[in-house]
There are 2 protein chains.
Amino acid sequence: MTETPQKKRKRRGSGRVTMKDVAKLSGVAPITVSRVLSGSDYASPAARDAVMAAVRELGYVPNRMAGGLASVHAPVVPILVPALRNAVFSDIIMGAQEHFFEHGLETLIGNTLYSISKEEHLTRTFLGWSPPAIMITGGTHSQATRDLLSSIEIPVIELMELVEKPLGINVGLSHAGAGYDMTSVLIERGYEDIAFLGTMPDRDLRALKRMEGYQKALRDNGLRGDGFVQFYDQPSTFQLAAQFADIYLENRAKIRAVFCANDVLAVGLLMECQRRGIAVPGELAIAGFNDLSIAESVHPRLTTVHVPRYEMGTKAASMLVEVLSGETLESPIYNVGYEIIEREST
Amino acid sequence: MTETPQKKRKRRGSGRVTMKDVAKLSGVAPITVSRVLSGSDYASPAARDAVMAAVRELGYVPNRMAGGLASVHAPVVPILVPALRNAVFSDIIMGAQEHFFEHGLETLIGNTLYSISKEEHLTRTFLGWSPPAIMITGGTHSQATRDLLSSIEIPVIELMELVEKPLGINVGLSHAGAGYDMTSVLIERGYEDIAFLGTMPDRDLRALKRMEGYQKALRDNGLRGDGFVQFYDQPSTFQLAAQFADIYLENRAKIRAVFCANDVLAVGLLMECQRRGIAVPGELAIAGFNDLSIAESVHPRLTTVHVPRYEMGTKAASMLVEVLSGETLESPIYNVGYEIIEREST
DNA sequence: CTGTTAGCGCCTTCAA
DNA sequence: TTGAAGGCGCTAACAG
């Protein structure tokens with residue numbers, strides 16, 4: 001007579017197919033289903049077949065949250081980047097995402113917009129997913145972010161630049177070195193009056209480092225002290241770079257070449273020069289940074305610094321996967337390097 | 001003497017601060033902490049203060065998985081796009097992400113690379129998060145994807161293009177209409193021999209629709225049948241577009257203007273024309289699609305179709321948030337429109 | 001306004 | 001090789 005389940009309260013569940021359903025249909029215990037699906041554990045071929053058939057029949061999709069909760073870590077790696085539109089970061093993301101996905105990991109993408117405080121906020125939120133690891137751009141973070149990241153015991157990867165005191169793994173390149181080398185190449189080509197054009201020196205720390213490399217190269221070559229540095233306080237856009245043409249025209253005597261902190265600025269300036277009839281490189285030589293695909297399409301083609309962005313993403317992801325599967329890395333620091341590409345704009 | 005907890009088995013937990021810890025420290029029940037933090041429920045100011053203080057002191061970060069599991073839906077909305085490098089999609093993502101984040105929702109970004117099967121795979125995986133909704137690009141999906149999406153009972157948003165039979169909400173614009181209008185504008189300007197340049201007509205269905213609009217405009221204006229259509233079977237790049245210069249040179253008599261399926265192609269071709277000394281628009285007029293920021297930087301500036309990308313993202317996100325909070329939409333279809341921008345390249 | 005209780009769906013632990 | 005039990009951390013449902 002107690003046939004009816006007279007539980008007082010009941011929650012209705014998601015209504016979706018669960019592992020229990022699969023277990024029932026295939027005549028095994030839920031845990032066996034779990035083992036079959038995870039693939040890593042023992043299961044008899046018979047059980048395996050039955051389970052797989054049931055999975056297919058029911059259209060079962062494992063609940064990632066339940067799995068994550070039970071196994072402490074969610075199968076998701078957050079990646080924090082300072083910008084999304086910038087092809088630099090989308091390439092990194094694509095590289096990482098692809099590798100992660102092959103290993104059953106999703107990617108949570110956070111856009112910090114070059115804001116240290118937004119980075120902190122995103123870090124906090126993302127840690128709420130109990131990720132097995134986290135990737136973050138650059139090596140300069142707020143103290144709170146640093147504390148958060150070091151208090152949790154998961155691998156942290158800092159991307160893009162070589163960091164002095166990495167929080168964990170570090171994959172990147174030396175932006176000061178690249179700035180130095182590019183400037184040196186310009187000097188070798190005979191340019192002496194080289195200006196530097198960049199944006200947001202207080203937020204885009206990598207641009208700042210490129211500038212420092214630029215200044216050091218000037219000094220090492222006995223050229224005038226700090227060079228000619230122009231920073232704007234807005235994000236880099238093609239439009240913004242056009243403004244520099246005015247500055248150039250007012251300072252023709254002092255500027256023979258410009259090293260731009262990134263290709264967007266360089267291309268924007270190049271276009272403006274075309275518009276105003278300033279010959280490139282005849283009157284003004286222009287160099288960029290990143291080697292975006294547009295760099296080799298513009299006319300004249302742009303001298304720039306090639307950065308292996310996609311590879312940075314895959315390399316970082318593969319190091320992480322290695323660590324997560326218990327292996328030890330040869331070194332927690334990986335220098336992806338860069339390459340100066342000389343083209344017709346200088 | 002039974003002081004030691006002699007449970008047979010024990011799991012070690014994540015070791016992180018939990019809601020229970022916060023509850024203990026602030027002298028209330030866990031559920032009260034939950035209520036305070038969710039903000040939506042009643043809680044006395046006293047309780048609220050105590051809880052917030054404890055949260056700060058312990059550095060508590062709520063476990064999103066546990067919360068999601070308990071409340072059926074994870075606070076995360078997947079967005080599927082066909083490409084990440086393309087500023088078109090990063091703008092949409094940024095718009096959506098920003099709006100979602102303000103409402104406590106994260107974004108899972110999936111890159112389908114214009115592959116229907118990859119889209120299906122990603123859809124399946126993402127549904128494993130029990131998201132409260134899902135956003136997907138375009139209206140053409142595999143049958144399995146359609147089944148998956150309609151079997152779950154969450155709002156589905158199809159983005160970018162106006163769809164015939166939407167799966168749910170639809171935010172976009174008419175690509176055929178835009179192609180038609182742009183072509184008409186070119187014809188009004190006096191161009192008659194207009195070619196169309198695009199890529200991957202079997203995967204990039206929106207490019208195909210623009211082409212169809214182009215052909216219809218030709219016909220409606222009594223111009224020759226199908227026009228001059230060139231499709232390449234690779235993703236659009238600046239480099240790829242350069243190849244069309246050869247085709248132009250071989251067909252000078254038949255081509256006076258080119259309508260490119262996107263700005264990347266248009267800019268790539270424009271650059272190549274500069275390189276080869278083909279006057280734009282003097283010898284060849286060029287029009288693009290999307291109005292990327294580079295479009296108004298190139299020289300001559302590019303005639304193109306402006307698409308409100310960021311707004312598409314925010315609009316879609318806000319419609320979703322509305323639905324999720326129980327409101328009903330005026331209409332499940334929202335046309336964001338487009339605008340023909342005439343510049344110097346035509 | 002606050003607490004108790006009972007799961008959400010899966011996986012770890014122990015036992016067979 | 002398989003299963004039973006219990007818990008991961010949180011919130012819905014109900015009761016005070």
Side-chain angles (χ1 to χ4, degrees), chain A residues 5-24 26-51 55 58 60-75 104 127-130 132, chain B residues 5-24 26-51 55 58 60-75 104 127-130 132:
Chain A
Q6 257 308 69
K7 305 248 177 78
K8 275 191 286 194
R9 322 162 196 180
K10 219 169 38 200
R11 288 174 80 169
R12 94 184 160 285
S14 63
R16 288 179 34 193
V17 177
T18 72
M19 192 173 267
K20 215 185 214 167
D21 300 321
V22 175
K24 201 174 298 171
S26 49
V28 298
I31 185 62
T32 302
V33 177
S34 170
R35 289 201 258 249
V36 168
L37 292 180
S38 77
S40 57
D41 257 309
Y42 303 100
S44 67
R48 189 172 300 273
D49 292 347
V51 167
V55 165
L58 296 173
Y60 170 65
V61 178
N63 183 321
R64 310 278 262 169
M65 286 186 298
L69 184 58
S71 54
V72 180
H73 285 308
L127 290 184
W129 288 99
S130 295
Chain B
Q6 257 310 70
K7 304 245 178 79
K8 274 190 285 190
R9 322 164 197 180
K10 217 165 43 196
R11 289 174 78 174
R12 81 180 173 294
S14 64
R16 287 180 36 193
V17 176
T18 73
M19 190 173 269
K20 216 185 212 168
D21 299 322
V22 175
K24 200 175 299 172
S26 49
V28 299
I31 186 66
T32 302
V33 176
S34 170
R35 288 200 259 250
V36 169
L37 293 180
S38 79
S40 56
D41 257 310
Y42 304 100
S44 68
R48 189 172 299 274
D49 292 346
V51 167
V55 165
L58 296 172
Y60 171 66
V61 178
N63 184 321
R64 311 276 264 171
M65 287 186 296
L69 183 58
S71 53
V72 181
H73 285 309
L127 291 184
W129 288 99
S130 295

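Below, chains carry the letters A, B, ... as their sequence lines are ordered, and counting in each starts from 1. Only heavy atoms go into these numbers, but all of them, side chains included; no hydrogens, no water, no symmetry mates.
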For atom CG of B:Asn63 and atom P of C:dC8, their distance in whole Å: 18 Å
A:Met19 side, atom CE; A:Ser26 side, atom OG - distance, nearest 0.5 Å: 10.5 Å
N or O in side chain of A:Tyr60 less than 4.0 angstrom from C:dC10 OP1/OP2: yes
Atom-to-atom span, CD1 of B:Ile31 to P of D:dA13 - whole angstrom: 11 Å
Nucleotide nearest A:Ser71 when distance is taken to its side chain, options C:dC10, C:dT2, C:dC11: C:dC11
Phosphate contact (D:dT11 OP1 or OP2) by B:Ser34 side-chain N/O below 4.0 Å: yes
Atom pair OG1/OH of B:Thr18 and B:Tyr60 - distance to nearest 0.5 Å: 7.0 Å
Atom-to-atom span, CZ of B:Arg16 to P of D:dG9 - whole angstrom: 9 Å
Difference in axis direction between the ends of the helix from C:dC1-D:dG16 to C:dA16-D:dT1, five pairs, 10°: 20°
Euclidean distance, atom CG of residue A:Leu37 to atom P of C:dG9 [Å, nearest integer]: 16 Å
Contact check, side chains of A:Ile31 and A:Arg35, non-hydrogen atoms, under 4.5 Å: yes
Donor/acceptor link under 3.5 angstrom from A:Arg35 side chain onto base of D:dG3: yes
Where A:Pro132 and A:Ala74 come nearest, the two heavy atoms and their spacing: CD-O, 3.0 Å
Between D:dC8 (C1') and B:Asp21 (CG): distance, integer Å: 14 Å
Integer-rounded Å distance: D:dG3 P and A:Met19 CE: 13 Å
A:His73 versus B:Met65, closest heavy-atom pair with distance: C-CE, 4.4 Å
N/O (side chain, A:Ser44) to phosphate O (OP1/OP2, D:dT1) under 4.0 Å: no
Rounded distance in Å - CH2 (B:Trp129) to P (C:dC8): 20 Å
Touch class at under 4.0 angstrom, heavy-atom based, for B:Pro62 against every strand present: sugar-phosphate
4.5 Å side-chain heavy-atom contact, B:Val33 and B:Val28: yes
Spacing of A:Met65 atom CE relative to D:dC8 atom P, expressed in whole Å: 18 Å
CG on A:Leu37 to OG1 on A:Thr32, rounded to 0.5 Å: 10.5 Å
